[in-house]
J.: 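I'd like to ask some things about the structure below.
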Number of protein chains: 2
Amino acid sequence: MESSDIKKAGLKVTLPRMKILQILEASEQRHMSAEDIYKALIEEGEEVGLATVYRVLTQFATAGLVVRHYFDGTSAVYELNRGEHHDHMVCLRTGKVVEFYDEIIEKRQLELASEYGFKIHDHSLILYGEFDETDE
Amino acid sequence: MESSDIKKAGLKVTLPRMKILQILEASEQRHMSAEDIYKALIEEGEEVGLATVYRVLTQFATAGLVVRHYFDGTSAVYELNRGEHHDHMVCLRTGKVVEFYDEIIEKRQLELASEYGFKIHDHSLILYGEFDETDE
DNA sequence: ATGTATGCAAAACATTTGCACCTGG
DNA sequence: CCAGGTGCAAATGTTTTGCATACAT
């Protein structure tokens, strides 16, 4: 359990916060919107406000417990920060998201930043397209 | 003049559309939000509705005349499609945006997609950070 | 003429905030 | 006990839409 993580972030270990972490851990879709998480909470019979979900996710993101992504312009999605950075392929047909990591791209980004006199805090690489229709 | 481009996109050549293209050409900040463009139009004394700006930008994006980016979660920005694809470095301090292109990264993306059985339609690479404070 | 475009106001979303009440340490 | 957290409703900011009017071809 990582109520310890919540504490480490300087936040009180409350029910909504623990539940939200649990949902992010348990969900097979690793990338969820605030609304997705809210619905999951409601389905579990939890009495949490949507505003709380947003507040908690923002706090978690600031604390580094979760990572926020903007795959499309309409809403943010959140995933648990499992420590290993990665980028994403997003299927425009099914919405499926696959994570990948590439050393060459990572290194090249640093080289480019250095060339431009730029210090990278963070980056976002998203490939939009579609997976072979061998499955769904 | 590229009223021809508007026509090629199957759109009527109207004043708002031409004005919006002009602004995107003329502006020294190559990346503008719908609101930015709307304000620029008003300053020029044009009578254009904000809704029209949104509609036209969406049509232009669909037609490939402009490219839409989501640098932050709060609003989309648009830039003229000048034909050469590039990615972006965004300064978190000043908002400055610098474009770059790297053959190695581009190629590597294709290789990775191929490995994953993924066909790339489009991609977005954004580096967030800050430029050296030698200037502003 | 006539199908498209436009402007305006209203609607639709995603997200944030104010405030009175609740709760964890 | 009491600072911090929560729920609710209202506010905010961005983008979309319905509709009556205006315009390009």
Side-chain angles (χ1 to χ4, degrees), chain A residues 1-23 31-42 44-63 65-78 95, chain B residues 1-23 31-42 44-63 65-78 95:
Chain A
M1 242 318 101
E2 51 295 272
S3 45
S4 47
D5 295 327
I6 299 181
K7 215 170 291 175
K8 243 183 291 174
L11 301 169
K12 284 188 182 170
V13 180
T14 64
L15 219 97
R17 286 179 181 152
M18 298 204 346
K19 286 293 174 192
I20 289 173
L21 268 196
Q22 279 174 26
I23 291 203
H31 304 83
M32 303 180 77
S33 69
E35 190 74 35
D36 290 339
I37 293 170
Y38 175 68
K39 279 189 200 134
L41 286 166
I42 296 304
E44 290 187 7
E46 297 299 329
E47 303 231 331
V48 195
L50 181 54
T52 299
V53 175
Y54 275 105
R55 271 187 293 237
V56 169
L57 286 172
T58 299
Q59 293 160 338
F60 282 2
T62 303
L65 283 180
V66 306
V67 182
R68 188 185 345 227
H69 300 288
Y70 300 104
F71 288 160
D72 62 10
T74 71
S75 73
V77 294
Y78 301 81
Chain B
M1 244 312 108
E2 50 297 89
S3 44
S4 50
D5 295 326
I6 298 180
K7 214 170 291 176
K8 244 183 290 175
L11 301 169
K12 285 187 181 169
V13 180
T14 64
L15 218 99
R17 289 183 179 146
M18 298 202 347
K19 284 294 173 193
I20 289 173
L21 269 196
Q22 280 175 27
I23 290 203
H31 305 84
M32 303 180 77
S33 70
E35 191 74 34
D36 289 339
I37 293 170
Y38 175 67
K39 280 190 202 135
L41 285 166
I42 296 305
E44 291 189 6
E46 296 300 328
E47 302 229 332
V48 194
L50 180 54
T52 299
V53 175
Y54 275 104
R55 271 187 294 237
V56 168
L57 286 172
T58 299
Q59 293 159 340
F60 281 3
T62 302
L65 282 180
V66 306
V67 182
R68 185 182 352 224
H69 301 286
Y70 300 104
F71 289 159
D72 63 11
T74 71
S75 73
V77 294
Y78 301 81

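On a predicted model such as this, the values are computed, not experimentally measured, just so you know. The figures that follow rest on heavy atoms only: side chains count, while hydrogens, waters and symmetry mates do not. Numbers restart at 1 for each chain; the letters A, B, ... are given by sequence-line order, proteins then strands.
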J.: Taking V56(A)'s backbone N and O only, do any of them form a donor-acceptor pair with R17(A)'s side chain (distance below 3.5 Å, no angle check)?
T.: no

J.: In whole Å, I'd like the distance from the OH atom of Y70(B) to the C1' atom of dA14(C).
T.: 13 Å

J.: Measure from CG on L57(A) to P on dT6(D) and round the result to the nearest Å.
T.: 11 Å

J.: Can you tell me how far P of dG4(D) sits from NZ of K7(A), to the nearest Å?
T.: 16 Å

J.: Could you check which of dT15(C), dA5(C), dG7(D) has an atom nearest any side-chain atom of T14(B)?
T.: dA5(C)

J.: Within the pair R17(B) and dT6(C), is there a side-chain N or O less than 4.0 Å away from OP1 or OP2?
T.: yes

J.: Atom CD1 of I6(B) and atom C1' of dC23(D): how far apart are they, to the nearest Å?
T.: 15 Å

J.: Of all the choices, dT25(D), dT16(D), dT6(D), which nucleotide is nearest to the side chain of T58(B) once you look at every atom?
T.: dT16(D)

J.: Please compare G73(B) and V56(B) by the position of their nearest nucleotide in DNA chain C and report the one closer to 5'.
T.: V56(B)

J.: Just to be sure I understand the rule, does R55(A) reach a base, reach only the sugar-phosphate, or reach nothing, if contact means heavy atoms closer than 4.0 Å?
T.: base

J.: Students often get this wrong, so: under 4.0 angstrom with heavy atoms, is S33(B) touching a base, only sugar-phosphate, or nothing?
T.: nothing

J.: So, taking the atom named CD in Q22(A) and the one named CE in M18(A), what distance separates them when rounded to the nearest 0.5 Å?
T.: 5.5 Å

J.: Would you mind reading off the distance between E46(B) atom CD and dG7(C) atom C1', rounded to a whole angstrom?
T.: 14 Å

J.: Start at the 5' end of DNA chain D and walk down; is the nucleotide closest to Y78(B) or to L15(B) reached first?
T.: Y78(B)

J.: Distance check: side-chain N/O of T52(B) vs OP1/OP2 of dG7(C), anything under 4.0 Å?
T.: yes

J.: Once you round it to whole Å, what is the distance between P of dC13(C) and OH of Y54(B)?
T.: 16 Å

J.: By the 4.0 Å heavy-atom rule, please label L11(B) as base, sugar-phosphate, or nothing.
T.: sugar-phosphate

J.: In Å and rounded to the nearest 0.5 Å, what is the CD to NZ distance from E44(B) to K19(B)?
T.: 5.5 Å

J.: dT15(D) P sits how many Å from D36(B) CG, rounded?
T.: 11 Å

J.: So what does E35(B) touch, heavy atoms closer than 4.0 Å: a base, only the sugar-phosphate, or nothing?
T.: nothing

J.: Side chains of R68(B) and T58(B), heavy atoms from C-beta outward: is any pair under 4.5 Å?
T.: yes

J.: Nearest-Å distance, NZ (K39(B)) to P (dG13(D))?
T.: 11 Å

J.: Just by modelled atom types, is the K8(B) backbone N or O under 3.5 Å from a matching donor or acceptor in the D5(B) side chain?
T.: no

J.: Taking the side chain of K12(B) as its heavy atoms from C-beta onward, which of dT15(C), dG7(C), dA24(D) lies nearest to it?
T.: dA24(D)

